[in-house]
Amino acid sequence: MSESSASISVIKEETIKFTAPTHPQQLLTQIPGVAVNVTNGEGHTMGIRQKIGTDPVYLYLEDGIPIRATGFFNHNALYEVNIPQADGVEVLKGIGSALYGSDAIGGTVNILTNMPTNQSGAGFSAEAGSYGWYRLLGDINSGQKEFGALRADVNVSHTDGWRESTAYDRLSTNLRWDYAPSGDTVLKTILGYTKIDQQTGANSALTPTEYENTPTVNARPVAYRQVDALRLSTNIDHYIGENELVSITPYFRNNQMDLNGSYNFSTSPAGDPRIEKSDVTSLGVLAKWRKDFPKALRARVIVGFDYDYSPGKRTEDAISFAAPGCSVPGTVVSSQKFNCYTVGPRIYDYDVTYQSASPYLHTEFSPVEKLRVTAGLRYDSLSYDMTNNLTAGDLVNGTKHYWQNASGSQSFSKVNPKLGLNYALTPLTHIYASYKQGFRAPSEGNLFRAGHDTTLERGQTKANDLLQLKPIKADQYEVGLRGDVRGWNYDLTGYSLKKQDDILSQREALNQITISTNNGSTKHQGVELGGRYRVYRTMAMGPCI
């Protein structure tokens, strides 16, 4: 990694075990420039070279495979992975689109699964704490056998929550099988499943009186989020001699979510309380050919192709708090309470298929001994096709108009280059600089879920305007210095990242309705300094500022 021209931080398994994170925030914020905010349960918002928020400008991977399809981004996606039992975490800060494609603008987070051990055995740990918290972690290894090696991990977690109606349950299982049918071919199969059931009213606001006297009160006890995430992949690496590799990774995913988001709770005409359900199934493949030329400029060439086919479905049912007792108005000593609801009409019901096909080229070479040059180019072609299962036209719920297009389609294409230089000042000290382009395509929700407006005409205009959204484009310049001084590993980085055609949500002053537009540009600049020092031989501390 010393010859890399990118800002990459790695958290190793020993640090994960030492931290024993109950939330991604406790682990990832050990990395300079990475900010993670706790929402509900293990829910999170991220800030890497951006403001902390829910913007889909981050790419989340497990062993290099996207956790979710680009078109169905979820800012909470890290809770779908079993982080406490991971082998490590890699974080590429800044743009990574030339290698990974859409969404990799602010950063790319790759969770590494734990490989099976050569010897058979099992491990188990249990912990418990206040507010009904407990967690059980277990693993079992078959050891190296004729059929390869198998490892299973299980994570069972529960909390009642310190506030009323904020319980959380998790079940995560990982199964990994490593098998080498010959000396030239290695297979790695990973099956991962996570089920989450949580009450999500923890962000319920408090009045000053409640904060002082009854801070555990929850004004949104009916909020919930239920998640099922299944991933299956097989990585096939075939070595052709010492310097050539062909790698193919087919994968399958299914992501389901049932959500009654507390952030939607409102009795005002501008509010949009609803129950949202989504179900996305993905079939894809990551393929690459890698060739090393050790005698010719120490060159390496990688040619790859990624394909993703992800049909999905979204339904939304409006809910109302108008029934007696469901909404209790606030007073000077109590915030508004939402205790129950009634389900109203279906306001969205559509099928949408996302597809992407992306060839790319990556090369590294050294024109002189101390200089390492990295260059790459990726072409992304992405498309959406939507079919509405509701009647086209104006759907009215009270004073709210939800315009329904019978169908819709959109496609995007983008070429993203990168260029990096790394120079060895000494064997342990390197200076580097890079330029990268990136992009982020609008998601299916950006394109096909317009929300409501006050009239038929405004609702129709709003829905059609969303179909005109363009991808965010980004440019990043980065310079850095990394090295080792008396056991201290350090990495100093300065960056400037500019986004154009940024997709922003803005609320109209006249009727308080939220709309999304490509609105201007934003610029993000900063300096990051990280260091690591081995305090004693058996344990390494994580990165710190």
Side-chain angles (χ1 to χ4, degrees), residues 1 3-4 8 10 12-13 61-67 81-82 85-90 99-100 110-123 139-154 173-193 230-254 282-309 357-365 374 376 378:
M1 195 168 69
E3 290 189 316
S4 170
I8 302 173
V10 178
K12 297 183 178 180
E13 181 188 17
L61 313 171
E62 182 181 49
D63 280 13
I65 303 171
I67 296 171
V81 187
N82 188 8
Q85 293 178 290
D87 184 54
V89 179
E90 300 172 335
L99 187 59
Y100 296 112
N110 186 26
I111 310 300
L112 305 176
T113 61
N114 233 315
M115 65 185 300
T117 59
N118 290 328
Q119 303 297 321
S120 61
D139 65 85
I140 185 169
N141 284 273
S142 69
Q144 192 65 42
K145 306 291 184 181
E146 182 180 351
F147 58 83
L150 190 66
R151 177 189 178 100
D153 292 279
V154 178
T173 60
N174 288 83
L175 188 65
R176 174 168 163 172
W177 176 43
D178 290 4
Y179 177 53
S182 69
D184 299 328
T185 304
V186 178
L187 281 70
K188 178 180 69 174
T189 298
I190 300 172
L191 175 64
Y193 174 71
L230 177 67
R231 298 175 302 280
L232 175 64
S233 65
T234 296
N235 172 233
I236 307 167
D237 285 345
H238 179 67
Y239 294 86
I240 306 172
E242 296 181 358
N243 301 314
E244 190 171 357
L245 168 70
V246 175
S247 179
I248 300 176
T249 307
Y251 62 84
F252 167 85
R253 280 189 311 251
N254 181 253
S282 301
L283 293 173
V285 63
L286 310 178
K288 69 180 180 182
W289 168 79
R290 187 186 76 200
K291 177 74 172 180
D292 292 330
F293 302 89
K295 295 181 180 180
L297 306 179
R298 288 199 298 124
R300 165 173 285 188
V301 176
I302 300 175
V303 178
F305 179 78
D306 299 343
Y307 177 74
D308 189 295
Y309 173 77
S358 308
Y360 64 90
L361 171 67
H362 172 92
T363 183
E364 304 172 21
F365 61 94
T374 301
R378 179 181 172 112

Compare all side-chain heavy atoms of [X] with those of [Y] and state whether any distance is below 4.5 angstrom.
| X | Y | answer |
| --- | --- | --- |
| Asn243 | Pro294 | yes |
| Leu61 | Tyr100 | yes |
| Val246 | Ile240 | yes |
| Leu230 | Phe252 | yes |

Exercise. Pick from Leu175, Asp63, Asp178: which one makes a side-chain contact (heavy atoms from CB on, under 4.5 Å) with Ile190?
Worked result: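 Only one option passes, and that is Asp63.
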When rounded to the nearest 0.5 angstrom, what distance separates [atom1] in [X] from [atom2] in [Y]?
| X | Y | atom1 | atom2 | value |
| --- | --- | --- | --- | --- |
| Tyr193 | Leu191 | OH | CG | 11.0 Å |
| Asn141 | Gln119 | CG | CD | 10.0 Å |
| Asn110 | Ile8 | CG | CD1 | 10.5 Å |
| Leu187 | Thr234 | CG | OG1 | 7.0 Å |
| Tyr179 | Leu150 | OH | CG | 13.5 Å |
| Ile65 | Ser282 | CD1 | OG | 11.5 Å |

Look only at the side chain of [X] and the backbone of [Y], and say whether a donor-acceptor pair between them is shorter than 3.5 Å.
| X | Y | result |
| --- | --- | --- |
| Asp292 | Arg300 | no |
| Arg253 | Pro66 | yes |
| Trp177 | Phe147 | yes |

Is there a donor-acceptor contact under 3.5 Å linking the side chains of [X] and [Y]?
| X | Y | answer |
| --- | --- | --- |
| Asn114 | Glu13 | yes |
| Asp308 | Tyr251 | yes |
| Thr249 | Asn235 | yes |

For this session: Using salt bridge (Lys or Arg N to Asp or Glu O under 4.0 Å) as the criterion, list what pairs up with Glu90, not counting sequence neighbours.
Result: none
Problem set entry | With Thr113, the side chain to side chain donor-acceptor pair (under 3.5 Å) member among Arg151, Lys188, Arg176 | Arg176
For this session: Taking side chain to side chain contact (heavy atoms under 4.5 Å, CB included) as the test, write out the residues that go with Val301, two or more places apart.
Result: Trp289, Phe293, Val303, Leu361, Thr363
For this session: Kindly give the heavy-atom pair with the smallest separation between Ser142 and Ser120, and that separation in Å.
Result: O-CB, 3.3 Å
Problem set entry | Within 6.0 angstrom of Lys291 NZ, more than 12 heavy atoms from elsewhere | yes
For this session: For Glu62 and Arg231, run salt bridge (charged side-chain N to carboxylate O under 4.0 Å, His left out): C-alpha distance rounded to whole Å, both residues' side-chain angles, the deciding distance at 0.1 Å, then the answer.
Result: CA-CA 9 Å; Glu62 182 181 49; Arg231 298 175 302 280; 2.8 Å; yes
For this session: In plain terms, say whether Lys12 and Asp87 are close enough for a salt bridge, that is, a side-chain N and a carboxylate O under 4.0 Å apart.
Result: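 Salt bridge flag = no for Asp87 with Lys12.
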